[in-house]
Amino acid sequence: MDVNNTLQGFNTMAATFAKDVDQAFWINFWISVILGLSVIIPMFYFAWKYREKNVKDEDIENVTHNTALEIAWTLIPTAMLMVLFYYGYTSMQVLRTMPAESESIVVHVEGKKWSWKHTYEANKNGFVHKSKELYVPKDTNIILKMTAPLNDVIHAYFVPAFRMKEDVVPGRVTKQWFHSEKLGTYDVECAEYCGTRHSDMYTKINVIPKAEYEAWFEGNSKVGPGEKEVEKSKGQELYDDNGCAGCHSIDTDATLVGPSLKGIGAKHDATYLKDAIVTPDKDVPEGFTAGVMPPFALPDADVDALVDYMTTGK
Amino acid sequence: MSKSYFDETHTAIGHPKSTFMQWMLTVDHKRIGLMYAAVMFTFFFVAVATAFLMRLELFAPGAQFIDGDTFNQAFTLHGVIMIFLFIVPGVPAVLGNIVMPLMIGAKDVSFPRLNWFTFWLYILGCIVALASLFTDAGFADTGWTFYAPYSLTTSTNVIFTLVAAFILGMASILTGLNFLVTIHRLRAPGMTFFKMPLFVWGIYATAWIQLLATPVVGITLILAILEKYFGIGIFDPAKGGDPVLFEHLFWIYSHPAVYLMILPAFGIMSEIIPTFSRREIFGYRTIALSSASIAGIGYLVWGHHLYTSGMADTAKVIFSFLTFFVAIPTGIKFYDWVATMYKGKIILSTPMLWALGTIITFTIGGLTGVTIAMIGVDIHLQDTYYTVAHFHYAMLGGVVFLFFAGLHYWFPLVSGKMYNETHAKIAFYLQFVGFNLLWFPMFIAGYYGMPRRYFDYLPEFQIYHQVSFFGAVIFITGLIYMFVVFFKGWRNGKPSGTNPWNATTLEWHMPSSPPPLENHSKVPYVDFNPYEYHHGEPVVKFDYETMKRID
Ligand code: HEM
Ligand SMILES: [Cu+2]
Ligand SMILES: [Cu+2]
């Protein structure tokens with residue numbers, strides 16, 4: 001896919017609450033070490049101290065109870081576990097307590113097989129930004145409202161550098177939020193199994209300076225901030241928006257999930273191609289199975305534009 | 001020489017002459033246990049081979065030699081076999097069948113014919129499960145969890161797997177029922193519940209889970225089938241259904257199911273530790289009751305699998321809180337076992353090595369489970385390799401390791417022979433080292449954000465996957481080694497005698513080795529505790545003809 005595979009920022013803590021989650025993790029880690037050693041050290045010690053050669057049969061003692069000890073090894077671990085429960089709870093609180101929408105930027109996320117799409121609220125000019133990668137200003141609350149199309153499956157929007165994740169469920173809107181104080185680019189992975197290209201469903205979050213974000217957001221550029229706008233035909237835009245590229249390559253012969261569409265115009269006429277988009281199960285090319293490509297209920301004009309793009313590249 | 005259960009048997013129908021038919025129709029609990037073992041370990045090796053295939057594929061990022069779809073089918077096959085065909089029937093079907101009736105002084109289970117039927121139902125389930133490998137659509141690619149709506153829309157053959165899981169669930173319910181009745185009705189006179197060996201307690205607690213929780217997954221699977229093929233609209237969001245409902249229903253069974261796997265395994269630990277410490281167990285009642293309470297609380301914690309599913313935050317808090325309360329009785333058991341070694345005489349035979357090794361691996365498995373019971377932390381770690389490493393530490397490093405411990409422990413009982421201890425120990429060390437190398441790096445990869453069920457991954461994770469691969473090679477070598485040791489022992493091992501480990505429980509008081517068809521000569525009267533030692537010698541001695549105490 002066009003997201004190049006480089007690990008970005010997994011081991012950084014790029015959202016404000018990441019430190020709370022990490023703190024809870026490390027408290028857990030050290031308590032676990034203590035609890036674990038409280039079992040393992042005596043085990044090794046007894047295995048050595050009472051080893052076969054060392055013990056005469058007469059010296060074996062059937063100790064079966066010791067109330068004080070038993071109370072201790074019930075209550076102390078219980079107390080430690082309650083500490084862990086508490087930190088699990090507080091770290092959830094910071095993750096899940098949404099800021100007010102009036103003080104945040106709301107972005108709508110759509111996850112579908114196998115691509116992500118971010119849609120912003122309209123800007124002053126009424127223009128709606130749509131992008132594959134997410135661009136957000138530094139030091140700002142961002143709320144993600146996430147969903148998947150009804151005929152799709154569950155995904156999960158996982159940002160390791162932010163320590164956050166939430167499922168993206170067809171027919172529901174789930175939410176998560178973050179606030180990043182660190183400029184940078186961070187990977188987003190799909191963490192809920194969704195089929196063939198589950199492990200290619202990446203995107204990125206770009207945390208950029210506020211001014212840069214404002215300038216971009218209030219403009220009508222169809223690409224991300226700092227990117228050169230290339231003139232795109234309507235067909236190509238639809239092709240990108242609908243996630244066709246997640247399953248078809250068009251510049252190369254590579255078979256992704258569906259067949260490559262390179263040179264498809266030479267093989268099929270427009271009617272066939274229209275059908276292939278609106279009712280994909282009607283004709284299934286050899287070596288592929290029906291039911292994989294979802295039917296796209298698009299207006300006729302859009303379908304025509306897509307067919308033009310596939311046949312002429314424009 | 002007296003006749004053993006290998007020489008004669010009772011059958012479900014007729015009096016077949018051929019040895020083969022005698023095995024096929026046998027109702028003897030010991031033979032049925034052995035047949036389960038043969039089938040289950042065959043599938044286990046298929047699943048291990050599949051896992052090795054995945055490990056090879058994951059050796060480097062990108063596609064090596066299989067494609068994404070095949071990989072997805074591979075982890076589904078691996079998971080389905082390991083869970084439904086191997087570890088859920090697991091310890092109860094093999095060791096529960098063979099040992100439990102002997103431990104309570106019974107001649108067989110309460111319903112031997114039902115036991116026979118259950119075995120064949122299990123076989124039917126296995127056949128249906130794997131049949132889809134040979135259909136055009138191919139094996140399911142849903143993961144062993146069958147989450148909707150993915151399982152409703154995939155073009156692979158899920159129906160076979162769903163039906164198979166249903167049949168296997170049925171077999172599991174019947175086993176549970178049979179064991180419950182057996183434990184209630186067939187204990188030797190005098191053996192009250194608190195005189196039962198702790199393995200029997202483990203089987204007992206498990207049987208309740210099998211009986212009460214399995215129907216939930218049965219219903220869920222039927223709903224999934226109705227949804228997929230008749231479109232009833234319960235789980236399908238396009239029809240107004242709710243896919244998250246499926247997750248809830250699935251985990252209402254599958255969480256208790258993890259205790260159904262581990263409780264009998266804990267029972268094995270409770271047999272081995274006192275025997276090889278040559279003393280009475282520490283905190284008998286606490287261990288017994290903690291099994292029961294784990295089985296009880298275990299029903300109420302399923303929501304900890306759904307912290308990121310969009311569930312209400314209040315529900316998360318409640319589920320998290322309850323989850324911590326399962327950790328407590330589990331922890332107490334570990335202290336009791338270690339305390340049992342205090343002032344004992346520790347004999348490091350192979351079963352004991354496996355038991356002590358498991359104390360290390362399961363402690364890691366259990367404590368990393370606590371990490372992901374913490375809501376905020378789990379939101380980061382859920383569906384990453386941290387979770388996968390956790391459950392392999394718990395299931396492989398816990399249940400399977402203890403299963404192996406039990407196989408070594410009761411091998412002489414079942415076969416009447418002894419394996420070569422030196423080689424058996426080498427096999428243990430290979431597997432112990434291999435296992436940790438195989439799964440420990442995955443905690444780190446998971447912490448950094450390596451998601452599970454990934455066919456391809458970012459290059460930064462390669463090092464962890466490579467270490468893991470070498471761990472797998474060592475582990476699997478040890479595994480094969482261990483089975484070779486078993487086979488050799490079975491064929492050429494020295495006769496073991498009836499009680500090679502100087503153990504106390506009733507299964508070691510047989511008139512002959514291997515045991516005769518109907519077990520003890522007479523039903524013993526049990527007026528003693530299960531692990532009574534004095535100066536390292538079993539207190540209770542029997543005349544094996546009359547089963548009267550002679551101590
Ligand atoms: C030889 C030892 C084993 C190896 C090398 C191994 C390896 C693996 C690997 C590579 C995965 C895929 C992880 C992913 O892509 O997310 C996996 C998944 C799994 N394994 Fe194992 N495993 C082994 C033993 C076991 C055992 C003994 C059990 C249970 C008794 C088990 C149960 C599972 C389950 C339930 C899954 C999840 C499947 C799914 O995601 O649907 N494994 N294992
Ligand atoms: Cu996915
Ligand atoms: Cu669970």
Side-chain angles (χ1 to χ4, degrees), chain A residues 5 7 10-11 21 24-25 28 32 35-36 39-40 42-43 46-47 50-52 55 57-58 60-64 73-74 77-78 81 84-85 87-89 91-92 95-96 150-151 153-154 156 160 163-167 169-172 174 189 191-193 195-199 289 291-292, chain B residues 68-69 143 147 149-150 153 155 237-238 243-244 278-280 282-283 308-310 313 316-317 320-321 324 327-328 331-332 334-335 338 341-347 356 359-360 363 367 370-371 373-377 379-380 382-383 448-449 451 453-460 533 535-536:
Chain A
N5 280 5
L7 179 82
F10 281 26
N11 42 7
V21 175
F25 178 87
N28 163 268
S32 298
L35 286 173
V39 172
I40 293 168
M43 179 196 94
F46 293 161
Y50 303 112
R51 62 190 181 277
E52 203 176 348
V55 181
D57 280 345
E58 310 82 83
I60 302 178
E61 273 181 52
N62 286 318
V63 187
T64 58
W73 74 45
T74 308
T78 305
L81 289 178
L84 296 184
F85 165 73
Y87 279 100
Y89 168 73
S91 53
M92 175 200 82
L95 280 163
R96 301 300 313 163
L150 278 181
N151 59 358
V153 301
I154 305 178
R163 315 284 186 266
M164 66 182 229
K165 167 189 306 125
E166 182 83 353
D167 284 4
V169 186
R172 284 194 180 193
T174 53
E189 303 174 309
E192 184 64 58
Y193 173 65
T196 312
R197 303 197 60 207
H198 169 52
S199 57
T289 38
V292 177
Chain B
D69 286 324
Y147 274 13
Y150 189 80
T153 53
S155 60
V244 182
R278 293 285 187 268
R279 51 156 283 186
E280 207 164 313
F282 188 100
T308 64
S309 69
D313 291 341
K316 289 178 202 160
V317 175
S320 170
F321 189 70
F324 280 91
I328 296 164
I332 294 175
F334 277 78
Y335 289 115
V338 171
M341 297 165 68
Y342 174 69
K343 294 207 166 166
K345 176 173 177 169
I346 312 299
I347 296 162
L356 297 186
I359 289 189
I360 300 172
T363 301
L367 288 168
V370 169
T371 320
M374 296 169 69
I375 313 171
V377 182
I379 287 176
H380 175 57
Q382 138 92 140
D383 274 326
Y448 283 132
R453 294 172 173 173
Y454 260 35
F455 158 68
D456 188 2
Y457 55 82
L458 302 178
E460 279 75 0
Y533 280 100
H535 290 335

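Just so you know, these numbers come straight off a predicted model, no measurement behind them. Labels below follow one simple rule: chain letters A, B, ... track the order of the sequence lines, proteins then strands, and each chain is numbered from 1.
- For B:Thr363, the part sitting under 4.5 Å from any heavy atom of chain A is the side chain, from C-beta outward, and nothing else.
- The main-chain N or O of B:Asp456 is found under 3.5 Å from a side-chain atom of A:Ser199 such that the two form a donor-acceptor pair.
- Residue with the most contacts toward chain A among B:Ala238, B:Pro243, B:Gly68: B:Ala238 (heavy-atom pairs, distance under 4.5 Å).
- Between A:Tyr89 and A:Phe85, the ring planes lie parallel to each other; the angle is under 30°, not in the 30° to 60° tilted range.
- Ranked by heavy-atom pairs shorter than 4.5 Å toward chain A, the options B:Ala373, B:Gly143, B:Ser320 are led by B:Ser320.
- The candidate from A:Arg51, A:Glu192, A:Met92 with the greatest count of non-hydrogen atom pairs under 4.5 Å with chain B is A:Met92.
- Both the backbone and the side chain of A:Pro170 come within less than 4.5 Å of a heavy atom in chain B.
- Among B:Tyr335, B:Phe334, B:Phe321, B:Tyr147, the residue making the largest number of heavy-atom pairs under 4.5 Å with chain A is B:Tyr335.
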query: Checking ring pair (Phe, Tyr, Trp, His ring centres under 6.0 Å) for the pair B:Tyr150/A:Tyr193: CA distance, chi angles, key distance, verdict?
result: CA-CA 9 Å; B:Tyr150 189 80; A:Tyr193 173 65; 5.1 Å; yes
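- Taking chain B as the reference chain and counting heavy-atom pairs below 4.5 Å, the highest number among A:Gly36, A:Pro42, A:Gly171, A:Gly195 is found for A:Gly195.
- Scanning all heavy atoms of the two residues, the minimum distance from A:Arg163 to B:His380 falls at CA-ND1, 3.5 Å.
- A:Asp167 CG to A:Ile154 CD1: the interatomic distance, rounded to the nearest 0.5 Å, is 6.0 Å.
- When heavy atoms are compared at a cutoff of 4.5 Å, A:Leu81 approaches chain B by way of both its backbone and its side chain.
- Using modelled atom types, no side-chain atom of A:Asp57 and backbone atom of B:Gly536 make a donor-acceptor pair closer than 3.5 Å.
- B:Arg278 and A:Glu52 are not joined by a salt bridge, as no carboxylate oxygen comes within less than 4.0 angstrom of a charged side-chain nitrogen.
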Residue pair B:Tyr454, A:Glu189: steps toward the side chain to side chain contact (heavy atoms under 4.5 Å, CB included) verdict: CA-CA 10 Å; B:Tyr454 260 35; A:Glu189 303 174 309; 3.5 Å; yes
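- Of the possible donor and acceptor atoms, one in the side chain of A:Asn62 sits under 3.5 Å from a partner among the backbone N and O of B:Tyr533.
- Interface residue B:Thr371: backbone and side-chain heavy atoms are both found under 4.5 Å from chain A.
- Ranking B:Met341, B:Gln382, B:Lys343 against chain A, the residue ahead of the rest is B:Lys343, based on heavy-atom pairs under 4.5 Å.
- For a residue to count as touching a neighbouring chain, one of its non-hydrogen atoms must lie under 4.5 Å from one of that chain's; by this rule A:Met43 touches chain B with backbone and side chain alike.
- Atom CD of B:Glu460 and atom OH of B:Tyr448 lie 11.5 Å apart (nearest 0.5 Å).
- Contact of A:Thr174 with chain B is made through the side chain alone, with heavy-atom distances under 4.5 Å.
- Scanning all heavy atoms of the two residues, the minimum distance from A:His198 to A:Ala191 falls at CE1-C, 3.9 Å.
- For chain B, the nearby parts of A:Val63 are the backbone and the side chain; heavy atoms of each come within less than 4.5 Å.
- Of the listed residues (B:Thr153, B:Ile379, B:Val377), the one with the most heavy-atom contacts under 4.5 Å to chain A is B:Ile379.
- Neither the backbone nor the side chain of A:Ala156 comes within less than 4.5 Å of any heavy atom of chain B.
- Ranked by heavy-atom pairs shorter than 4.5 Å toward chain B, the options A:Thr74, A:Val153, A:Leu35, A:Val169 are led by A:Val153.
- Note on B:Ile359, B:Val338, B:Val370, B:Ile332: by heavy-atom pairs under 4.5 Å with chain A, the leading option is B:Val338.
- In this structure, the portion of A:Leu95 lying under 4.5 Å from any heavy atom of chain B is its side chain and not its backbone.
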